[in-house]
Amino acid sequence: MPSLDEVISTVETYRNDMVDALTELLRVPAIGPENGGEGEFERARFVRELAERCGFEDIEMYDALDERVRLRLRPNVVARKKGQTDQTVWIVSHMDTVTPGNLDAWTYPPFSPKVVDGKLYGLGAEDNGQALIGSLFAAKALNELGLVPERGIGLAMVSDEETGNTKGIKFLIDNNVFHKNDFIYVPDFGVSDGSVIEVAEKHILWLKVKVMGKQTHASTPGRGINAMKVGSQMIDFLADQLNGKFGALETSFLPPTCTFEPTKRLQTVGNVNTVPGEDTFWIDSRILPQYNPDDVLETARGVARIFEERSGARISVDVEQINRSGPPSSTESIALMTLASAIKKIKGVDAAPRGIGGGTCANLFRLAGYDAYVWQTVDEMAHSVNEYCRVDNLVEDAKVYATVLGSLCLSMG
Ligand SMILES: [Zn+2]
């Protein structure tokens with residue numbers, strides 16, 4: 001029986017092949033129709049072929065119909081190595097990217113990947129090419145041993161992560177690709193030293209507040225109701241009320257509290273000598289999972305009623321967007337402990353489970369009743385001009401995932 005250390009050395013020998021594969025992957029655009037692209041079809045063909053080259057014999061395409069793209073398909077590549085049990089260890093990555101934005105701003109053309117000073121530049125290099133290529137080569141090192149694993153190895157390389165997931169992860173969940181006792185890793189968020197394993201997310205609630213006062217001449221403010229003044233007083237009071245009522249401190253979260261931030265505001269009047277009759281602003285709320293976003297909405301509406309009575313203005317509070325978070329993934333699971341010890345073994349880093357305020361597609365798994373763990377090592381260049389991934393991170397993360405797969409699927413010590 002080969003050892004884990006041999007598998008890890010094998011991954012190291014793939015270094016150049018991984019760089020070549022990531023370079024080839026990024027040359028083929030994979031932008032969703034919402035962003036004006038033709039989808040992932042061409043890239044999926046390459047991914048499927050690469051999965052074959054990485055030793056997968058059982059590769060299934062889960063194609064979601066989408067009339068908006070030329071070939072009417074949004075492909076999902078599911079590569080599996082069956083195990084002796086029906087339990088599978090999954091690594092989920094996504095093929096699609098956002099648009100490059102302003103092409104002139106890129107020093108290295110987004111679709112002509114290039115390695116400079118140990119960094120591979122290109123659109124989608126970090127998000128999510130690093131994980132996709134890394135997981136394929138991690139699995140290759142194990143597949144080449146020619147053993148039948150105890151637990152199966154599964155790679156899901158999906159479409160539509162950047163624009164809603166309905167043709168990607170949601171489609172696979174609805175098609176029962178994953179089973180309740182499977183292990184699920186989603187390497188689509190991380191920090192630069194690899195010390196954070198994301199296990200939970202906050203609810204995201206965007207509130208739109210509209211204050212309707214009474215417009216009048218600024219020289220006679222008493223004849224009107226200054227909506228901007230009411231709105232401004234309310235913003236501060238509202239934040240105090242929300243922070244007081246939903247004030248729990250969860251040190252496992254970054255940051256450790258709920259946050260209620262006024263962000264966007266519409267212009268009131270175009271001239272200086274008019275008292276504005278309308279003021280519209282938005283609050284971006286990130287709510288710890290133990291709270292119900294409905295209670296935040298109700299509290300905000302209660303504050304609005306106080307200010308209505310106080311000012312005579314009418315105030316509406318509406319939900320612009322809500323993303324409920326699923327329950328946090330267990331921090332006591334074999335899946336988490338195996339990942340943490342693999343990170344320690346390969347990188348010498350003590351990684352801790354954390355919650356974040358941002359949203360990742362792991363939440364879809366949590367909402368569907370699965371524990372999902374999000375980890376990778378990145379400089380957080382996703383969606384940036386001159387996006388890159390460090391070649392060392394590509395290779396070291398692949399070793400971490402090879403260690404996870406080796407430990408869980410082949411009981412290697
Ligand atoms: Zn991503």
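As the structure lists them, so they are numbered: ligands from 1, and atoms in each ligand from 1.
For the residue pair Glu320 and Trp282, a side-chain donor N or O sits within less than 3.5 Å of a side-chain acceptor on the partner. Using a 3.5 Å distance cut-off with no hydrogens or angles, the side chains of Thr360 and Glu201 do pair a donor with an acceptor.
A salt bridge does not link Glu308 to Arg314: none of the charged side-chain nitrogens sits closer than 4.0 Å to a carboxylate oxygen. We find that Arg80 and Glu57 are not joined by a salt bridge, their nearest charged nitrogen and carboxylate oxygen being 4.0 Å or further apart. A salt bridge does not link Glu24 with Arg27: none of the charged nitrogens is closer than 4.0 Å to a carboxylate oxygen.
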Show me the donor-acceptor pairs, under 3.5 Å and distance only, between side chains in residues 168-189 and residues at least two apart or in other chains.
residue, atom, partner, partner atom, Å
Asn175, ND2, Phe171, O, 2.8
Lys180, NZ, Ala368, O, 2.8
Asp182, OD1, Thr88, N, 2.9
Asp182, OD2, Trp90, NE1, 2.9
Asp182, OD2, His179, N, 2.8
Tyr185, OH, Ala335, O, 2.7
Asp188, OD1, Asn128, ND2, 3.2
Asp188, OD2, His94, NE2, 3.3

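At a cut-off of 2.8 Å, measuring from the Zn ion (ligand 1), the protein N, O or S atoms that fall short of it are His94 NE2, Asp127 OD1, Asp188 OD1, Asp188 OD2, waters left aside.
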